[in-house]
There are 2 protein chains.
Amino acid sequence: MTTLKHNETQHISDEGDCALPHALSLMGEKWSFMILRSAFDDVRHFEGFLNKIGLARNILANRLARLTQGGILARTPCPNDRRKVEYRLTQKGLDLLPAMLALRQWGEKWATGIPSTPVLVDQADRKPIKEITIRSHDDRVLKWQDLCWVDVSQLDIDGETLDIVDEEALVKNIG
Amino acid sequence: MTTLKHNETQHISDEGDCALPHALSLMGEKWSFMILRSAFDDVRHFEGFLNKIGLARNILANRLARLTQGGILARTPCPNDRRKVEYRLTQKGLDLLPAMLALRQWGEKWATGIPSTPVLVDQADRKPIKEITIRSHDDRVLKWQDLCWVDVSQLDIDGETLDIVDEEALVKNIG
DNA sequence: GTTTCTAGTTGCAACTTAAAACTTAATCTA
DNA sequence: TAGATTAAGTTTTAAGTTGCAACTAGAAAC
């Protein structure tokens, strides 16, 4: 079932305490996001992905196996036609939607300039979703210049400002 | 300056009207997001990236060149020490922050389980940012089950519901 | 003026990808 | 029910990419 053995090239690995490398070990591979997008577009079968994305069969087989192993897709043989196999997004996979949309919106803004079609709309009122943004605890939209990195151990718990001796030092050498 | 010529392998390309392939042609490469993260962490020099990320020199040189060409980083020789070169995030690069954070948060939730350190906080009140979410036009948090795809041409403009003959057909075969 | 430092480049072996042909099992079709 | 077809892979092989280690070139330090 697994066509190629997994990557013997250098891994993006768990250096420091950042979850990004971990996320990228699955989603940072070429085609992973494209497969994900198709899955969100209700593509479920091998040939469907193949036609939609246009990658080599062996690579697709390998990626589907990895995404399945990684818990992003669930693989089930179809009960009514035993030749077919269904790949469906798990909750873990569904939870990648904000990341995928943020990336797509970025592409729209900076690369194509053209609004992508189709767009995601709120089922309730059929109005398009907003741009994905970073929000403060009280829901203000924050930009990079409004933010700074702080070590977890130095976090201001539930609103009380801690007496930190060298607060400046905390914003350096982030992980 | 460009160590390897760009990708002769199959490109993730502009199939349909979706900006995701375009975004991935730059950011879908191995290490791109790791380099971006380091840049957000104020790493600016070649050796800095090398130490922080732990990838091969030639690959780093190639990626920095591609990210520079792609307008995500700006490359400037240092005026005070002409041996050094500074790589800084452009606005285009800074705009990838939501995507990067969404990915990192997903990794935290599903892969490591451990909150990453350091965290981004609002400079104003030093409270951590919220989870990145999808928002409706009126700022409600939306999940996948609240959403559907609609073709751009069929969009309900400024609140009036259009008389669409076959509305069902629109949610199929999304791009 | 020699050493060191920074940002690369080069060469090569190991690995991955892409394309096309092949396989295996299940289902139509006549 | 034999033969064609479909779905989901696997195999083969060439071409492209990566990783490592050693090398280079220009600027600064000593």
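Since this is a predicted model, take the numbers as computed values, not measurements. In what follows, chains carry the letters A, B, and so on, assigned in the order in which the sequence lines appear, proteins first and then strands, with residues in each chain numbered from 1.
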Tell me whether the side-chain N/O atoms of [X] come closer than 4.0 Å to OP1 or OP2 in [N].
X	N	value
A:Arg75	D:dG9	yes
A:Lys30	C:dA18	yes
A:Tyr87	D:dG9	yes
B:His45	C:dT6	no
B:Trp31	D:dT17	no

Look at the side chain of A:Thr90 and the backbone N and O of A:Ile72, then say whether any donor-acceptor pair between them is shorter than 3.5 Å.
-> yes
Under the 3.5 angstrom rule, does the side chain of B:Thr117 hit a backbone N or O of A:Asp151 as a donor-acceptor pair?
-> no
Minimum-distance nucleotide to [X] side chain [options: [options]]:
X	options	answer
B:Ile59	C:dA18, D:dT18, D:dT5	D:dT18
A:Arg83	C:dA7, D:dA7, D:dA27	D:dA7
A:Ala61	D:dT10, D:dA8, D:dC20	D:dT10

Nearest-Å distance for atom pair [atom1]/[atom2], residues [X] and [N]:
X	N	atom1	atom2	value
A:Glu47	C:dA25	CD	P	18 Å
B:Leu60	D:dT17	CG	P	18 Å
A:Asn62	C:dA18	CG	C1'	13 Å
A:Leu50	C:dA21	CG	P	15 Å

Classify the side chain of A:Asn58 and the base of C:dA18 as holding, or not holding, a donor-acceptor pair under 3.5 Å.
-> yes
Taking N and O atoms by type only, does the side chain of B:Arg57 place a donor or acceptor under 3.5 Å from a partner on the base of C:dA7?
-> yes
Heavy atoms under 4.0 Å, any strand shown: does A:Phe49 hit a base, just sugar-phosphate, or nothing?
-> nothing
Could you tell me whether A:Phe40 and B:Trp144 have their ring centroids closer than 6.0 angstrom?
-> yes
Looking at B:Asp125 and A:Arg140, does any basic side-chain N land under 4.0 Å from a carboxylate oxygen?
-> yes
So, do B:Leu120 and A:Leu142 sit near enough that their side-chain heavy atoms are less than 4.5 Å apart?
-> no
